[in-house]
Every structure is written in structure tokens, then in C-alpha cells.
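These values consider heavy atoms only, across backbone and side chains, with no hydrogens, waters or symmetry-generated copies. What you are looking at is a predicted structure, and each value in this text was computed from that prediction instead of being measured. Proteins get letters first, then strands, A, B, ... in listed order; numbering begins at 1 in each.
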Amino acid sequence: MTEGIILETRNLTVGYGRKPVVSGVDMALRAGEITAVAGENGCGKSTLLKTLGGAIPPLSGTMEAMGQDITGLSAKERAKLMAIVMTRAVRPDYFTCHDMVSSGRYPYTGRLGTLSDHDLDIVEEAMEITGTRDIKDRYMSEISDGQRQLVMLSRAIAQEPKILLLDEPTNFLDIKHKKLFADVVKGLVSKGEMTVIMSMHELDIVKETADRVMTIKNGGILKQGKTSDILTDAFIAELFDLSH
Amino acid sequence: MKKDIASYLILIIFILIPAALGIILGTAGFDDPGFYTILMGIRLPRTLAALVLGGALAVSGYLLQVFFSNPIAGPFVLGISGGAKLMTAVVLILFLGRGIHINSAGMVLASFIGAAISTMAVLFISRYTDRMSVLVLSGVMIGYICSALTDFLITFADDRNIVNLHYWSMGSFSGMNMGNVLCFSVFAVIGLAGSFALKKPIGAYLTGEEYARSVGVDLKLFRILLILCSSLLSATVTAFAGPISFVGVAVPHLARRMFRTVRPEKMIPACFLGGAAFCLISDLAARLLFSPTELSISSVTAVFGAPVVIMVLLERGRRHD
């Protein structure tokens with residue numbers, strides 16, 4: 001394991017069933033950095049993140065977190081290592097934002113899931129960080145999309161993960177909430193231990209927030225490296241087949 | 001918190017009053033010589049049946065609503081009660097026809113298998129649709145098919161014992177004895193304890209299955225345990241009281257509105273108390289409205305319960321427009 005690398009994959013192939021979507025993924029997440037995954041719709045960004053998060057098994061290759069094979073982790077150990085935010089959140093009736101954020105404490109609570117004072121403090125703090133404490137008693141079904149994604153981010157923060165997996169978290173948000181969301185993520189990383197990998201379409205936000213970028217095209221990694229080196233106008237045109 | 005306690009107290013009052021009336025009211029009065037026998041042999045077991053089975057049915061409905069993320073799921077509308085009823089009738093007719101007596105536990109087992117088969121059918125359909133209205137309609141159809149087959153079996157079975165099945169197959173809390181009460185109480189307590197033991201993953205499952213998995217819920221195991229608890233509860237009800245309509249849908253909805261939450265630690269006790277109250281009141285109405293003629297319990301619960309389902313559908317339809 002190289003110093004400062006928190007998650008590393010070697011020759012990873014991801015996909016559904018037996019059908020590979022992206023192959024030959026060699027990547028490393030550096031602790032305390034934000035890595036963005038970019039590429040066209042359907043290129044496999046989501047599949048890659050789902051595989052890293054354990055929702056689907058890898059087809060081949062290895063995934064290691066701090067030198068340990070993550071496919072061998074128990075569900076609880078994995079939940080303490082990684083938390084996710086996806087594009088969509090469910091909005092059950094009569095389920096408050098506080099209930100939602102509390103669910104992030106799942107790996108830490110006992111058999112009946114009773115929250116300790118410590119758990120409640122962490123939940124409050126996680127909502128403070130995203131600025132959603134004011135709406136903690138409102139129902140998930142009655143807040144805006146932007147607020148909902150910030151609540152889901154608080155839920156992930158309350159999970160106290162080392163790695164945050166964000167799968168197109170801002171797709172349905174207005175520009176104000178997209179920026180707000182990205183700022184909160186950036187603040188989290190700058191403060192300390194959190195490492196982020198996110199897929200995102202908004203390249204202007206990627207440029208502002210991500211330290212590194214990994215691009216996917218035609219079932220493989222096209223290019224990865226420092227954001228400023230990768231996201232040149234010429235390369236963006238190549239990545240998205242834009243002719244000038 | 002204070003509000004919740006007040007709500008629970010209201011539910012308990014709504015249990016105690018109809019329960020007391022159910023025991024006191026009737027053709028035989030206190031001074032009748034056979035009063036004690038009627039009390040212990042007929043009225044008390046019937047009252048306890050409405051209380052325990054009504055509560056069990058509502059909790060079963062809540063579990064199904066969690067499972068399908070669908071506020072109009074319930075053992076009756078998804079055809080699960082129908083499957084339980086059909087399997088119980090088949091087993092009873094097969095065994096009674098050959099002069100073999102089966103005990104209450106055997107009935108519950110048969111009913112449980114029927115409930116499980118129906119649940120499997122609904123699960124199979126749910127893989128092809130995300131729309132709750134389609135799922136519920138399919139469940140209602142499964143229920144009709146099971147009901148038709150049961151009627152067919154009962155009509156053509158000529159054994160005298162089976163004539164009683166006719167009342168059971170329409171849903172009724174009558175004809176219970178204290179032995180039955182003991183038996184269904186044991187199964188109900190197992191089902192309720194199991195449901196409560198699942199409160200942690202239920203809470204996580206309410207956030208959606210992908211998020212539930214990401215915090216460490218073993219989805220496969222959880223789904224199996226949830227369905228087992230729900231099927232055990234609704235099978236116990238059906239084995240003893242036949243299919244009882246709409247309690248499993250209406251009560252969880254009313255409980256959600258009353259307690260303003262879907263969280264299991266409040267909903268499981270609230271649904272149990274609410275289901276008990278709902279069934280006690282309905283049974284009282286079934287007994288007394290046109291006394292001495294008795295209505296089937298399902299006719300009464302449907303009158304109260306079906307409008308609640310329509311209300312939920314309209315409410316959700318409006319929100320998603």
C-alpha cells in the first residue's frame with residue numbers, strides 16, 4: 001500500500017450479471033481528496049460506484065481499502081468504511097429528516113437500534129454541517145429536492161465513513177443547490193478525514209471542487225489525473241464527442 | 001412524547017369500552033342461570049379473539065406496507081388472507097372427510113402455507129411492476145380466485161362439520177373457545193415479538209433498499225424474516241377467524257395519521273392497539289346491529305375500511321400530480 005492511499009483497485013471489471021460495463025480499472029483514492037468520475041450517460045460511472053459501495057459484486061480484479069480486500073468485509077465493517085448518496089431518495093410519508101439522518105447510525109447502534117445521546121449528538125452535528133437542522137422535524141415528503149439531497153448527505157456524514165461515494169447526487173437540483181451541495185462536500189474534505197469519490201455531469205462544479213478526475217469512455221478508463229491537467233477544452237470535446 | 005401517550009390511552013379506551021360491552025351485552029343477562037357458561041364459553045373468547053386477532057392483522061398489514069413501500073398493501077388486498085383461507089379449507093376438507101381431526105396448530109400451519117404461497121405469487125408479480133395500483137389489483141384478483149375456489153370446495157363438500165366452514169370462510173370471531181384463545185395468543189405473541197425484534201432493520205428499510213443495504217442491512221435475510229412474521233400473523237388470524245377485510249390497510253393508515261410517524265417502535269404497538277379497537281367495535285356492530293341476525297365481520301370492516309383505502313389513493317394521487 002502506498003502512503004496516503006485509502007482505496008485502490010487493480011484491473012477491476014464492473015458490470016451486471018456477466019456483462020462487463022467498464023474493464024481494467026486501476027485507480028487510487030488519496031486520503032483527503034475529492035475524485036470525480038466523468039463520462040457520458042450510461043458509460044458506467046454508476047456501475048463503478050455501485051461496485052465500490054458493495055451493491056453489486058465486481059466481475060474480476062481487486063478492491064482494497066487500506067491494504068484490506070473490501071469484498072471480504074462484513075456489511076457492518078463496510079458501512080463504517082463507506083457511505084453513499086445517490087441521485088434519488090425515497091420520500092416516505094410521515095418520515096422526518098431527523099429519522100432519515102438517524103438511519104446513518106445503523107452500523108453503530110445495538111440490536112434494537114436505539115440511539116444513544118452520543119448518536120443523537122452526531123446526528124445533530126451532521127445536520128448542522130449541511131445547514132438542515134432547521135428542517136429536522138419536517139417530513140421527507142414535504143421538502144424540496146435540494147433540501148432532500150442535503151439531508152441525504154447529512155445521513156451519510158452521520159455514518160462517519162472514511163470514504164463518501166456520491167453517485168450523481170446533484171442531477172435534479174437547481175444551480176443554487178448544486179453549488180451548495182458541492183461546497184458542503186468540499187468543506188467536509190478540507191476539515192479532515194473524509195475522502196470523496198463522486199460522479200457528476202456538471203463539469204464546472206467538478207473543476208471547482210475535485211482534486212482529481214477519472215474519465216470513462218468505451219468501457220474503459222480514458223484518462224485520469226489532476227483536474228486542471230485533465231479537463232482541458234480539447235479533452236472535454238474528445239470525451240463527449242463534441243465537434244467544434 | 002406526551003401526545004403519543006395520550007394517543008395510546010385513547011386507543012386503550014377504544015379497546016376497553018367495546019370489550020366490556022361485548023361481554024355484557026346480549027340476550028342472556030346477569031341473572032340467567034347459564035350466564036357464567038355463556039360468559040366464559042362464548043363472549044369472553046369472542047372478545048379476546050377480536051382483540052388479539054384484530055391487533056395481529058393490523059401489524060401484519062404494517063409489515064407488508066413496509067415491505068412493498070406501499071401504503072395500501074395489506075394481507076386482504078394482496079390476496080394473502082385468501083390463500084390462507086383456501087389452504088385451510090383444503091386441509092380441513094381433506095382431513096375431516098377421512099375422519100381425521102386436526103388441532104388448532106395444524107390449522108395455523110395450513111393457513112401459513114397458504115399465506116406463503118399467495119405472498120410468493122404477489123412477490124412474483126411485484127417484479128414486473130412498480131405501480132402500487134397494479135400490484136394491489138393483482139392481489140385483489142388472487143384473493144377472488146382463492147375465494148371462488150374455497151366456495152366451490154365448501155359447496156360440494158357434504159360433511160356436516162364443513163357446513164360451519166361457511167361462516168368461517170366469510171370471516172367471523174364467533175365459535176371460539178378458551179383453548180383457541182390460548183393457541184392463537186401464542187402464535188400472535190411470536191409474530192409480534194418477531195416484528196419488534198426487526199424494528200432496527202425496518203427503520204433502515206424505510207429509507208429505501210439501496211440505502212438500507214449501504215448501512216449494513218442484509219436485505220435477503222431481512223425480507224425473509226419480515227415476510228415470515230407478516231405471514232404468521234395473518235395466517236393465525238385466517239385460521240381462526242377467516243379472512244377479515246381492510247383492517248390490515250386501514251388501521252396502519254389511521255395509526256400513521258394519529259402518531260404522525262411510520263417508525264416501527266411507535267407503529268407496531270399503535271397498529272396492534274388500533275387493530276384490536278377496530279375489530280372489537282366492528283364485531284360488536286356485527287353482533288348487535290341486526291340482532292339476533294349476525295353480520296359477517298368482513299362486511300362491517302369493509303364499510304369502515306374500504307373508504308380509508310380510497311382516501312389514501314386519492315391523497316397520494318394528488319401529491320404526485
Nearest-0.5 Å distance that lies between atom [atom1] in [X] and atom [atom2] in [Y]:
{"X": "Arg260(B)", "Y": "Phe95(A)", "atom1": "CZ", "atom2": "CZ", "answer": "15.5 Å"}
{"X": "Thr261(B)", "Y": "Asp99(A)", "atom1": "OG1", "atom2": "CG", "answer": "5.0 Å"}
{"X": "Lys50(A)", "Y": "Ser214(B)", "atom1": "NZ", "atom2": "OG", "answer": "12.0 Å"}
{"X": "Tyr211(B)", "Y": "Arg88(A)", "atom1": "OH", "atom2": "CZ", "answer": "11.5 Å"}

Does [atom1] in [X] sit with more than 12 non-hydrogen atoms of other residues, nucleotides or ligands closer than 6.0 Å?
{"X": "Lys80(A)", "atom1": "NZ", "answer": "yes"}
{"X": "Phe14(B)", "atom1": "CZ", "answer": "no"}
{"X": "Glu125(A)", "atom1": "CD", "answer": "no"}
{"X": "Asp117(A)", "atom1": "CG", "answer": "no"}

Subject >> Nearest heavy-atom neighbours spanning Gly216(B) and Ala79(A) >> reply: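 Nearest pair, atom of Gly216(B) first, then Ala79(A): N-CB, 4.0 Å.
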
Original post:
Which heavy-atom pair separates Val262(B) from Asp93(A) by the least distance, and what is that distance?
Top reply: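 Minimum heavy-atom separation between Val262(B) and Asp93(A): CG1-O, 3.3 Å.
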
Original post:
With a 4.5 angstrom heavy-atom cut-off, which part of Met152(A) approaches chain B: side chain, backbone, both or neither?
Top reply: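 Met152(A) touches chain B through side-chain heavy atoms alone.
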
**OP:** Report the option among Asp218(B), Leu198(B), Leu219(B), Val217(B) that has the most heavy-atom pairs separated by less than 4.5 Å from atoms of chain A.
**Re:**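 The option with the most such pairs is Val217(B).
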
**OP:** Report the residues that fulfil side chain to side chain donor-acceptor pair (under 3.5 Å) with Asn41(A), sequence neighbours left out, ordered by chain and then residue number.
**Re:**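 Partners of Asn41(A) under the side chain to side chain donor-acceptor pair (under 3.5 Å) test: His201(A).
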
Please state whether the side chain, the backbone, both or neither of [X] comes within less than 4.5 Å of a heavy atom of chain A.
{"X": "Pro264(B)", "result": "neither"}
{"X": "Ala197(B)", "result": "backbone"}
{"X": "Arg256(B)", "result": "both"}
{"X": "Phe259(B)", "result": "neither"}

**OP:** Name the member of Met100(A), Arg78(A), Met140(A) that forms the most heavy-atom pairs with chain B at distances under 4.5 Å.
**Re:**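 Counting heavy-atom pairs under 4.5 Å, the top option is Met100(A).
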
**OP:** Enumerate by number any residue of residues 103-116 of chain A whose heavy atoms lie under 4.5 Å from heavy atoms of chain B; in the absence of such residues, state 'none'.
**Re:**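 Checking residues 103-116 of chain A against chain B gives Ser103(A), Gly104(A), Tyr106(A), Pro107(A), Thr109(A), Gly110(A), Arg111(A), Leu112(A), Gly113(A), Thr114(A).
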
Subject >> Val215(B)/Arg155(A) under side chain to side chain contact (heavy atoms under 4.5 Å, CB included): CA gap, chis, key distance, verdict >> reply: CA-CA 10 Å; Val215(B) 292; Arg155(A) 193 204 63 92; 3.3 Å; yes

Subject >> Residue pair Arg263(B) / Tyr94(A), side-chain heavy-atom distance below 4.5 Å >> reply: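 When only atoms from C-beta onward are counted, Tyr94(A) and Arg263(B) do not touch, as no gap falls below 4.5 Å.
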
